[in-house]
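Below is one structure; the comments refer to it alone.
Reminder, nothing fancy here: chain letters follow the sequence lines and each chain counts from 1. The basis for the numbers below is simple: all heavy atoms, side chains too, and nothing from hydrogens, waters or symmetry mates.
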Amino acid sequence: MAKNLLIVESPAKAKTIEKILGSDFEVKSCYGHIRDLEKDDMGIDLKNNYSPRYIIPEDKEKVVKELKSTAKKSDEVWLATDEDREGEAISWHLCEVLGLDPKTTKRIVFHEITKPAIEAAVRTPRLLDMNLVNAQQARRVLDRIVGFELSPVLWRKMSMRNSLSAGRVQSVAVRLIAEREREINAFKAESTFKLEAWFSAHDTAKRPVTFKAEGGKYKQAQDAEAFLKSCIGATYTVKDIQVKPTKKTPSAPFTTSTLQQEASRKLGYSVSKTMLLAQKLYESGKITYMRTDSVNLSETAMEDIKKAIEKGYGNRFIQVRKYKNKNESAQEAHEAIRPTYMDETSVDDSDTRRLYELIWKRTMASQMADAELEKTIAKIDISTNKETLTAQGEVLKFEGFLKVYMEDRDEEDITEEDDAEGMLPPLVVGQEPAFKEMKATERFSRPSPRYTEASLVKKLEELGIGRPSTYAPTISTVQKRGYVERRDKEGVKRDYRVLLLAKDKISSETHQENTGAEKAKLFPTDLGLVVTDFLNQHFTEIMDYGFTAKIEGEFDEVAGGQQKWTKMIDEFYNPFHKDVENTLENAERIKGERELGLDPVSGKKVVARMGRFGPMVQIGDVSDEEKPRFAKLKNTQSIETISYDEAMDLFRLPRNLGQFEDTDVVVNIGRFGPYVAHDKLFYSLGKELDPYSVTLEEMIPLITEKRQAKQERTIKVFEKEKIQLLRGPYGPYIKIGLRNFRLPKEAQERAADLTIEEVKAFVEEAKANPPKKAAKSAPKKKKA
DNA sequence: CAGTGAGCGAGCTTCCGCTTGACTT
């Protein structure tokens, strides 16, 4: 047994550090936080200075037990959790749980897992910083209060059956998406006519080439046409040529958020997929820690990268760079994300290869020379008027970092000018290039694009909201709660005009383009919109984009010892809690109601609103004598944008198509999409069939086909006991009502011959040994 | 699997941030 026990947060780190420190140290991991606030009564004693009640969560009991026994056998325990607020708190919890004295226990920190860094840390231990620990307690307590007081307000004021939630981070994330959606809905596209002319000249090899020059923009078609007219019969002369050297600089190495963004743009990965793959690479020792906000590279890594660049591309491509974090909220407990060894240019595993190579290239590029370009701008005079045309070209003089890597841009950061850069033939002043044609093309302005998962992470990071370890979970939470959906949107066709001047004649054409199409974007649901409105109205401070930044400033004061954490929380809690009570008492239930018009048949009001089961349209009122009519909104529709006609269309279901085999065939949309009901059985309508227009003739083959498929799935039915033996994707299984039970392997082969007694025994057996997952989520006992 | 839609009120839900497994109805 080693005489020293050193505790870190991550087990992969523990392994590496143990190798570095040798036999004097046993290095163990505590797997992150080992204690958390109890859930009953918020786990906070509000009347007693916000005193927190901590417990060891069930899934941490094993780790804690092991740490306790190892600590007991060791002479000395060293705390080496991450150097940030959370890490300091973890160390303090370790003291509390392992019975260590915070006034004497050695606390060490390092920002990189390298031999010199760790050895230096061990030489200079310090003590626990209780101010920093208290800043973390303030953060934890505030988040618990906000989450556990706000969520129940939603339960009371919303008539939805699912478990709603609100919190400092998630509610603001939803707000961003809701506001972007409304911005897009309110957007009015404006069109301008953009002028472009094409000329021919000769390149250096005397081959004819075509190049493009741009002119001005015109708001009105007639102005553009007038300009084209004025150019009839003109000659064009190169008046001025400017050649400017420019350069491009590489981006900093990856942090969690920039990795998520680039993997989304270049590889199309969701943030959770990126994190899953990165975790695999980290655990197999291929990359450094993947949850980081630091762009820093260790000295040893810089040396390694330099060598790799020299070997691969030569000295000229090296440019050593130190990157600084732009983000004030960064806590920089780790390095940037980089390969552990640069001479491994790829990995064997096909799952993780593309992500690894992305990280490798970005890391290389970050220490490489600027790319050098030459930009040429030629001005071309028109003999018949005073306007000039501009031709631009760009030539790469020295590749530099572009040899390995170029960062992609988000849709919203791309400007029109960016795609204008191509090659220009050599031109001289006074030259008269041959005119081919000139076009004025109608172009429409575009609204901001909807967020992708990754661009939302970028925005949250800019606002200082959330941490590298929570970006992916936050995005899945807002989707799980039904506030946000990730989906595609089909574009709509739009006409645009093109005016053409060629061979001294002007002609006009109309073309079509697709606009507004989006892929894998985040859309707010009606639920997300109404909840956001409600929170905005009653809890303005929490929903403010600057709220996190503001309280971070106060946490910093606590960490600096200028303020007591309980006082800070008290100042927050008193007004906040008043708002909660006031809202519970006075706020109306959340309905999100919107009036659409009157029903021509009954003359009653048609409204769109939130119901118990989601967004719907309603004709009439519950207080009317006659019951109101209801219809569910389609997935793509929204309370805010649905038109009167679209709403009335929804009442065309259910449709009775007529009879087949003497029973009605009825089409409707249910919980699982469009279906047809016939003879007490239900069949899903495929995507290609529209419930509003299908005919009886189209339905009959579907019914007979599905009926047969259902029969083939059935192995045996015990009519009396209402037990079925069915063939599923995982093999035969037992079905009783809505519940499924597994069949033991040996019984699966002879499923058709099983007796009712045998089946009943298997059901009992399955009930007695439920799958482990079910056992884990079993209801916990509650105190009386 | 394929209904429902108000309000009452059992007894449930819920936060953010640290970390990995165990898990395949």
What about A:Ser684: does its side chain form a donor-acceptor pair under 3.5 Å with the base of B:dA2? yes
Can a side chain N or O of A:Thr470 be found less than 4.0 Å away from OP1 or OP2 on B:dG17? yes
Any side-chain N or O of A:Ser165 under 4.0 Å from OP1/OP2 of B:dC15? yes
Selection from B:dT13, B:dA6, B:dG21 that lies nearest to any side-chain heavy atom of A:Phe630: B:dA6
Residues A:Tyr545 and A:Glu462: side-chain donor-acceptor under 3.5 angstrom: no
Nearest-neighbour nucleotide for the A:Asp82 side chain, B:dC18, B:dC16, B:dA2 considered: B:dC18
Dot-bracket, 5' to 3', for DNA chain B please: Watson-Crick or G-U pairs under 3.5 Å, [ ] where pairs cross earlier ones, | where the partner sits on another strand, dots elsewhere. .........................
Between A:Tyr683 and A:His678, is the ring centroid distance below 6.0 Å? no
Which part of the nucleic acid, if any, lies within contact of A:Gly32, taking any heavy atom under 4.0 Å across all strands shown: a base, the sugar-phosphate backbone alone, or nothing? base
Say we look at B:dG9 and B:dT13: how far apart would their C1' atoms be, to the nearest angstrom? 15 Å
Those residues at least two apart in sequence (or on a different chain) that pass ring pair (Phe, Tyr, Trp, His ring centres under 6.0 Å) with A:His33 are none
In whole Å, what is the span from the CG atom of A:Leu164 to the P atom of B:dC15? 10 Å
Does either side chain, that of A:Tyr289 or that of A:Glu112, offer a donor lying less than 3.5 Å from an acceptor on the other one? no
Look at A:Tyr289 and B:dT19 and indicate whether a side-chain polar atom (N or O) is within less than 4.0 Å of OP1 or OP2. yes
A:Arg481 vs B:dC15: side-chain N/O to OP1/OP2 distance below 4.0 Å: yes
Under 3.5 Å, is there a donor-acceptor pair between the A:Thr255 and A:Asp293 side chains? no
Does B:dA6 have OP1 or OP2 under 4.0 Å away from a side-chain N or O of A:Arg612? no
Look at all strands and tell whether A:Leu37 reaches a base, only sugar-phosphate, or nothing, counting heavy atoms closer than 4.0 Å. nothing
Tell me whether the side-chain N/O atoms of A:Arg291 come closer than 4.0 Å to OP1 or OP2 in B:dT19. yes
Mind checking A:Tyr471 for me? I need base, sugar-phosphate or nothing, with any heavy atom below 4.0 Å counting as a touch. nothing
Select one nucleotide: of B:dT19, B:dC15, B:dG7, the one nearest the side-chain heavy atoms of A:Arg589. B:dG7
Quote, to the nearest angstrom, the P distance that separates B:dA22 from B:dC18. 24 Å
From B:dC15, B:dG5, B:dC18, nucleotide with atom closest to A:Ser469 side chain: B:dC18
If the cut-off is 4.0 Å, is A:Ser29 near the phosphate of B:dT20, judged by side-chain N/O to OP1 or OP2? no
Between A:Arg467 and A:Glu86, is the closest basic N to carboxylate O distance under 4.0 Å? no
Of the listed nucleotides B:dC16, B:dG3, B:dC15, the one nearest the side chain of A:Lys39: B:dC15
Note: for A:Gln279 and A:Ala631 on DNA chain B, the residue whose nearest nucleotide lies more 5' is A:Ala631
Answer yes if the side chains of A:Glu335 and A:Thr292 hold a donor-acceptor pair under 3.5 Å, and no otherwise. no
Can you tell me if the side-chain N/O atoms of A:Gln170 get under 4.0 Å from OP1 or OP2 in B:dC15? yes
So, do A:Val457 and A:Val271 sit near enough that their side-chain heavy atoms are less than 4.5 Å apart? yes
Which nucleotide wins on minimum distance to the side chain of A:Glu283, given the candidates B:dA2, B:dT20, B:dG5? B:dT20
Looking at DNA chain B, which of residues 136-155 of chain A put a heavy atom within less than 4.0 Å of it? A:Arg139, A:Arg140, A:Asp143, A:Arg144, A:Gly147, A:Phe148, A:Ser151, A:Pro152, A:Trp155
Please give me the minimum heavy-atom distance between A:Gln170 and A:Ser165, naming the atom from each residue. OE1-OG, 2.8 Å
Please work out if A:Ala166 contacts a base, only the sugar-phosphate, or nothing of the nucleic acid, heavy-atom cut-off 4.0 Å. sugar-phosphate
Any side-chain N or O of A:Arg35 below 4.0 angstrom from OP1/OP2 of B:dT19? no
Would you classify A:Gly43 as touching base, sugar-phosphate or nothing, given that sugar-phosphate means primed atoms plus P, OP1 and OP2, and contacts are heavy atoms under 4.0 Å? nothing
Would you kindly give the CG-to-C1' distance between A:Leu276 and B:dT19, to the nearest whole Å? 15 Å
Tell me what A:Gly466 touches on the nucleic acid: a base, only sugar-phosphate, or nothing, going by heavy atoms under 4.0 Å. sugar-phosphate
Under 4.0 Å between a side-chain N/O of A:Lys627 and OP1 or OP2 of B:dG5, yes or no? yes
Without hydrogens or angle criteria, can the side chains of A:Arg481 and A:Ser163 be said to hold a donor-acceptor pair below 3.5 Å? no
Looking only at side-chain N and O atoms, does A:Tyr483 offer a donor or acceptor that is under 3.5 Å from a partner on A:Ser171? no
